[in-house]
Amino acid sequence: MSGPPTPKAGGAGAVSVPTNAEAAALFREVADLLDILGEKFKPEAYRRAARSIESLTEDLGKVAGRHELRSIPGVGDAIEEKIRELLETGHIAYRDRLVREVPPGLLEIVRLPGLGPKTARRFWVDLGVEGPAELRAAIEAGRLDAMKGFGPKKIDQIRSALAASATSGVPDRRPIEAVYPVAIRLLHALRDGAPVDQAEIAGSFRRGRETVGDLDLLVTSGAPERVFDVFSGLAEVREIRLRGGTKETVILAGGLQVDLRVVEPEAFGAALQYFTGSKDHNVRLRTLARDRGLKINEYGVFRGEERLAGRTEEDVYASLGLAWIPPELREDQGEIDDASKGALPRLVGPKDLGSDLHLHLDAASSPADVERLLSDARARRYASIAVVVAGVASDGSTFRIPADLHASIERGARGGPRIDRVVEVGPGPIPATLEGERPDFWILRPTGKGAEAAAALPKVDVRLVAHVGSGDGDPGDRLRPWLEVARSRGAAVEIGPGPERLDSRGARLARSLGVPLALPTGLGGGPEDPTLPIALAFARRAGATVNEVANAGGVPPKGGRGARPRRPG
DNA sequence: GCCGTTTTCGGCCCGACTGTTTTCAGTCG
């Protein structure tokens, strides 16, 4: 061998460490490449590992540091080795070799809707096509016409898939809170306007995942054709992708794909279970069923021809000897074992909530807004709500709500629920303009000053750390100091949708450190407001029980630790 | 390539839909 050894990285010696998402993407690419090469089971193995890596709550590097890579579902000898290589060198030689074997354009072809690895491989082998542009040329030259299995419709389909991919990128997963309003509208449109008996949303939406790729709607009906007619006639629907006897797929105006399935009432629970997933959860259930001489599919649980269960999810799980598993836990992270032992946690639910710790009014708010918050809170029988009356804005300036709002808060409080006045500050000394404030409690808003600056915050009664997001990648390093601050102050940390709240990974980290969670309740938000349902979903995905949620399970005593008069004088 | 109350080999979910077929292959979820 000649030549100097290639340095592992640039002169600085630093290898940029891939995020979990980047690692997962690399393994998915390996899977696609192997698919094109005609491998049989390896692709699924790499995809399973990619899914597991994606759902980790901490960095791969940390898991590797503890020598626990093998504990990740779907990671064995070979993939463990490749993860280590990736972490140390920034690349995977095996993947690089596959990339050299397969023309890059074929990956784009595989990802076109309606096309897959088999077809891409045939284009490559039979026609020498190595990418979308060449495929387009081959179609226009009529070279596909002679190929077996390619009629005019198929060729048309490929042609429009090529055109669509050229104009718009492949739609990615979207934040669940962005999908929530339209999902609720579609569900209600079906329940109110179509001949359906039961209707639910399944899929990752029902599991409360942070992001949603598409929507899965499930209904029972004696007239599927009518249901499909109503559904595809809705204003939100842009095009019908496919329509059969039991299933219709449409694309909404925003590009979101929605699958609607009609099933028999006898199979509704089984179908709901099946289409809620996750895939890995279902695979494990199926294995469990097989071990017991049973078969489970979207129509039910069967022993031979006999259907043992199917009408409700409870029946389906019970027939396998399992307690019903909340959708938010169905990720094959040990929940099936727990369900078989009756050891599932009793997760926090909407009826457990008894207060709100963090409501904002601003200069544009009116007394009517205050009244709306209060009437919502009364309807939900909340014992107290907390309104931010002053604080430090994100630009560093201080603010106070207008006097007329103070007056309406004063009036509203007489009719209940109790209204706590709170002030929101960053770490460090309290700004001079807020020094006179004597709120019922304080909210700490983490800023760029860093957690160590929190020590300079006077020993006021901080009951909530809010406006802190999980961010991308491993939330641990950035969050941990703030969670320590919350713990030392006896404060809760706010979770929920949006970039300024913790997602389920952040919630899990908080739980592991013993920091209570606070859920925003979306008071005054209306039926399509995702705030509360998504916050609950994140809390439940993190395994939170009622005792771990600050605004659930009874109301925090007024004044917290060391009660004090509400207002001076 | 992973995995195991059918363990160290031999399996690996399965049904709907589409387009092309005359009994099926490929894709998708």
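Hydrogens, waters and symmetry mates are skipped; everything else that's a heavy atom, side chains included, is used.
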Could you give the [atom1]-to-[atom2] distance, from [X] to [N], as a whole number of Å?
X: A:Leu33; N: B:dG1; atom1: CG; atom2: P; result: 13 Å
X: A:Leu98; N: B:dG1; atom1: CG; atom2: C1'; result: 13 Å
X: A:Lys82; N: B:dG1; atom1: NZ; atom2: C1'; result: 8 Å
X: A:Lys40; N: B:dG1; atom1: NZ; atom2: P; result: 16 Å
X: A:Asp280; N: B:dC2; atom1: CG; atom2: P; result: 14 Å
X: A:Leu288; N: B:dC13; atom1: CG; atom2: P; result: 15 Å
X: A:Ile296; N: B:dG15; atom1: CD1; atom2: P; result: 12 Å

Measuring only the [atom1] atom in each nucleotide, how far is [N] from [M]? A whole number of Å is fine.
N: B:dT20; M: B:dC24; atom1: C1'; result: 8 Å
N: B:dC3; M: B:dC13; atom1: P; result: 14 Å
N: B:dG11; M: B:dG29; atom1: P; result: 29 Å
N: B:dG26; M: B:dT21; atom1: C1'; result: 13 Å
N: B:dT18; M: B:dC12; atom1: P; result: 28 Å
N: B:dG1; M: B:dT5; atom1: P; result: 23 Å
N: B:dT8; M: B:dA16; atom1: P; result: 35 Å

Salt-bridge test for [X] and [Y]: reply yes if a basic N is under 4.0 Å from a carboxylate O, no otherwise.
X: A:Arg51; Y: A:Asp332; value: no
X: A:Glu44; Y: A:Arg47; value: yes
X: A:Asp156; Y: A:Arg159; value: yes
X: A:Arg330; Y: A:Asp280; value: no
X: A:Arg207; Y: A:Glu328; value: no
X: A:Arg66; Y: A:Glu58; value: yes

| task | Output the distance between atom CG (A:Asp503) and atom CZ (A:Arg508), rounded to the nearest 0.5 Å. | result |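 So the gap between those two atoms works out to 9.0 Å.
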
| Roughly how far, to the nearest 0.5 Å, is the CD1 atom of A:Ile325 from the CG atom of A:Leu285? |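 It is 6.5 Å, given to the nearest 0.5 Å.
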
| Nearest heavy atoms of A:Lys247 and A:Phe228, plus distance in Å |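 Shortest heavy-atom contact: N-CZ, 3.5 Å.
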
| task | Test A:Gln257 against every option in A:Val250, A:Asp216, A:Ile251 by the side chain to side chain contact (heavy atoms under 4.5 Å, CB included) rule and name the one that passes. | result |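 With A:Gln257 as partner, A:Val250, A:Asp216, A:Ile251 yield a single side chain to side chain contact (heavy atoms under 4.5 Å, CB included), made by A:Ile251.
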
| request: Anything under 30° is parallel, anything over 60° is perpendicular, the rest tilted; go ahead and classify A:Phe150 against A:Phe123. | output: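 Aromatic pair A:Phe150/A:Phe123 classed tilted.
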
| said: Does A:Asn282 reach a base, just sugar-phosphate, or nothing at all? Heavy atoms under 4.0 Å. | reply: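 Counting heavy atoms under 4.0 Å across all strands, no contact is made by A:Asn282.
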
| How is A:Gly245 classified with respect to the nucleic acid when contacts are heavy atoms under 4.0 Å: base, sugar-phosphate, or nothing? |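 It contacts sugar-phosphate atoms only.
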
| field | Sugar-phosphate or base contact per nucleotide [nucleotides 4-10 of chain B; S, B, -; heavy atom under 4.0 Å] | value | --B----

| request: Take nucleotides 18-29 of chain B nucleotide by nucleotide from the 5' end and write B, S or -, depending on whether a protein heavy atom sits under 4.0 Å from the base, only from the sugar-phosphate, or from neither. | output: SSS-----SSSB

| query | Should B:dT7 be called syn or anti, with syn set as within 90° of 0? | reply |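 Syn, since the glycosidic angle lies within 90° of 0.
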
| request: Please determine if a side-chain N or O atom of A:Asn297 lies less than 4.0 Å away from the OP1 or OP2 oxygen of B:dG15. | output: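 Yes, A:Asn297 has a side-chain N/O under 4.0 Å of OP1/OP2 on B:dG15.
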
| What is the pairing partner of B:dC2, taking Watson-Crick or G-U wobble pairs with both distances under 3.5 Å in any strand? |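 The base-pairing partner of B:dC2, which may sit in any strand shown, is B:dG11.
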
| For DNA chain B, whose closest nucleotide is more 5', that of A:Arg48 or that of A:Tyr299? |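 The residue whose closest nucleotide sits nearer the 5' end is A:Arg48.
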
| request: Look at the side chain of A:Arg286 and decide which nucleotide, out of B:dG15, B:dC13, B:dG1, has an atom nearest to it. | output: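 Among the listed nucleotides, the one closest to the side chain of A:Arg286 is B:dC13.
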
